[in-house]
Asker: 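Once you've had a glance at the structure underneath, I'll fire off some questions.
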Amino acid sequence: MTTHLSAEQLLHAYRVMRTIRVFEERLHIEFATGEIPGFVHLYAGEEASAAGVMAHLRDDDCISSNHRGHGHCIAKGVDVHGMMAEIYGKKTGVCQGKGGSMHIADLSKGMLGANGIVGAGAPLVAGAALAAKLKGTDAVAVAFFGDGASNEGAVFEAMNLAAIMNLPCIFVAENNGYAEATASNWSVSCDHIADRAAGFGMPGVTVDGFDFFAVHEAAGAAVARARAGEGPSLIEVKLTRYYGHFEGDAQTYRDMDELKEMREVRDCLKQFRDHTVAAGLLDISQLDDIDGEVERQIEDSVIKAKSDPKPPAADLLADVYVSYP
Amino acid sequence: MSRPPLTVGIIPNPASGRDLRRLTANAGLFSSTDKASVVQRLLGAFGATGVERVLLPTDMTGIAAAVLKASRGRHARDNRWPELEILDIRLRQTVEDTRLAARLMAERGVALIAVLGGDGTHKAVAAEVGDIPLLTLSTGTNNAFPELREATGAGLAGGLFAAGRIPPEIALRRNKRLLVREARRGLCEWALVDVAVSPLRFVGGRAISRAEDLAEVFVTFAEPHAIGLSALCGLWCPVSRQAPEGAWMRLHPEARDALLAPLAPGLLQGCGVVAAGTLEPGVPHAPSLSGGTLALDGEREIAFAAGDRPTVTLDSHGPLSIDVEATLAYAARHRLLSIGREHPQHPVNLSC
């Protein structure tokens, strides 16, 4: 378990979280212009989860994501311009503009895909973990899903398979308190999603998803366990989303005061800055420099994505059917 | 004027018993379903001993809801549970919920507060309630302050005391505490069992599970059978709950002596012991490191750096707690649970 992070690792984690934040806040603005096709679900507020878990992963470790996938993609190393272009439906997108926000995938980075079907990523990850086990590598696979998906049968089936086959899987339940507009304290029958692990004979822990270091420690322990052949784990990350379920959601089901306090006091980026600077590990100027670089990177990616070409009509059936020999 | 109902509080910590140590050690799970059962056992025992009203805070995990539902059932009626009053507090899902519930109960003049949690939960309640006695029940991971005990017997002891049937000098135990102060930041925090100094720079996952993450431990008491950080002193230089002094130990991986100690359930770690000694009351101690984190009752809570000057001081002004064994021994000597033929649960009144 890695608990001591070098300055380089700390700066990388901060860059990942800042990139996600700026990417999402920019999309919040751009989506309102009507230029972006389809739905977008923003990950802003949840950055510490993706960054804390992905800090332990390599390109040969696979992850699956859900409809709120931009943060997982960025943290796993998917190209930011390729993502932006994908969301704009452009030929230069990571899926040639035919996937959009909810289907961003990049197998070269171990990103098996965002997924519009709630809970559908977990079985994919069990498969990826089984592949790693059969190949004899020490790669692991991580399923990111939400509190809503934690009630889905497919997730339970994947957990059961992972447990009986002792697969190198980590199930990360990002509990942001709401499945669309349904509060998890109403819809999740057990008290903590982490407690469901006991039913599958695997360890489950709950961590503070506003604190990068809390997620990083728990994920480090779970990944080390999986790599050592000790089987699957469940991590419930408690966090919040700063925006609605999707862009355009009026959030009438939610008390906006709770959000205000979380943004002002518990925000993961703010905490990360305060803690690393107070501990004397990073200078505020290093963090400010990253903020500036990320702003420019996202600005460039938007400008470029807007002017990139759309996929031609002739591409319509490309990559749809596989030609078997 | 009618007298107010005999009221006690129950504070279950919904978050206890599910931290990192389920991954780094073999710690078990204490689900909210289990906690709701413990509260129900307490209600049975409180009802049997004359407690008339119980205050229970709301929570986000269904403990209060399950107890409220059960309180309307036949079992509750047959066993004459006290009236249940839910304290509807605005939840933040942090330790502040525990503190707020404790303050509200103190304002309501409860005779006793039963606490379900680990050392950290008990510490949070203790710091808010002055001399209101605590009935301590372990539902955490590393618990040295609350003893592992079945809730029904503990509830009988608490109820008998609250009802004024046990002399305080028999029922109550005064505990020690450690005060952690940092003048510049205006900090004054309590610990009931231990304060550990760790080179880890961040609060992060809070628990400490590795010897190398420990530089120093201060304890109010240390029992040889303890689990957690106080086990270090407990297995090297034990000190009882009653003794006026505490103990300290300085650790380093390269020390000449080493000790195998259970830092978490199932997790035995070899810890290098540089020195150990007696902690005298009233003497402030500065940590041996210039920067790192302070773990209060097993959880990293305070990060400090070169400019900070935290101190750790032992004193004897900790909370009062119920001595369950002594209380029930007194109850047995005086036959306090004997019942007459008029009691509905007397065998002659039980229909076949």
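Chain A is the first sequence line, chain B the second, and so forth, proteins listed ahead of strands; every chain is numbered from 1. Nothing here was measured: the structure is a model prediction, and the numbers come from that model. FYI, side chains are in, hydrogens and waters are out, and symmetry mates aren't considered; it's all heavy atoms of this structure.
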Asker: Measure the spacing between CD of B:Gln93 and CE of A:Met262 and express it to the nearest 0.5 Å.
Answerer: 7.0 Å

Asker: Based on non-hydrogen pairs under 4.5 Å, which of A:Val188, A:Leu281, A:Asp195 is most in contact with chain B?
Answerer: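 Among the listed options, the one with the most contacts to chain B is A:Asp195.
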
Asker: Carefully, step by step, assess B:Arg206 and A:Asp211 under the rule side-chain contact (heavy atoms from CB on, under 4.5 Å).
Answerer: CA-CA 11 Å; B:Arg206 293 182 173 266; A:Asp211 183 351; over 6 Å; no

Asker: Atom CZ of A:Arg225 and atom OG1 of B:Thr24: how far apart are they, to the nearest 0.5 Å?
Answerer: 11.0 Å

Asker: Please classify the contact between A:Glu230 and chain B as side chain, backbone, both or neither, with a heavy-atom cut-off of under 4.5 Å.
Answerer: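 For A:Glu230, neither part sits under 4.5 Å from chain B.
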
Asker: Decide yes or no for B:Val203 and A:Gln271: does some side-chain heavy atom of the first lie under 4.5 Å from some side-chain heavy atom of the second?
Answerer: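 B:Val203 vs A:Gln271: side chains apart.
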
Asker: Considering only heavy atoms, which portion of A:Asp255 lies under 4.5 Å from any heavy atom of chain B: side chain, backbone, both, or neither?
Answerer: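 The side chain, not the backbone.
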
Asker: Just give me the residue among A:Ile235, A:Thr206, A:Val215, A:Asp208 that pairs up with chain B most often, heavy atom to heavy atom, under 4.5 Å.
Answerer: A:Thr206

Asker: Who are the side chain to side chain contact (heavy atoms under 4.5 Å, CB included) partners of B:Glu212, not counting sequence neighbours?
Answerer: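 With sequence neighbours excluded, B:Glu212 shows a side chain to side chain contact (heavy atoms under 4.5 Å, CB included) to B:Arg210, given in chain and number order.
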
Asker: Anything under 30° is parallel, anything over 60° is perpendicular, the rest tilted; go ahead and classify A:Phe213 against B:Phe202.
Answerer: parallel

Asker: Select one option (side chain, backbone, both, neither) describing which atoms of A:Ser184 are under 4.5 Å from chain B's heavy atoms.
Answerer: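 Neither part, no heavy atoms under 4.5 Å.
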
Asker: Starting at CZ of B:Arg300, measure out to CD of A:Glu217 and round the result to the nearest 0.5 Å.
Answerer: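 One finds 4.0 Å between CZ of B:Arg300 and CD of A:Glu217.
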
Asker: For A:Ala278 and B:Ala305, which heavy atoms make the closest approach, and how far apart are they?
Answerer: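 Of all heavy-atom pairs spanning A:Ala278 and B:Ala305, the closest is O-CB, 3.2 Å.
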
Asker: Quick one: of A:Ala279, A:Pro203, A:Gly280, who has the most non-hydrogen atom pairs under 4.5 Å with chain B?
Answerer: A:Ala279

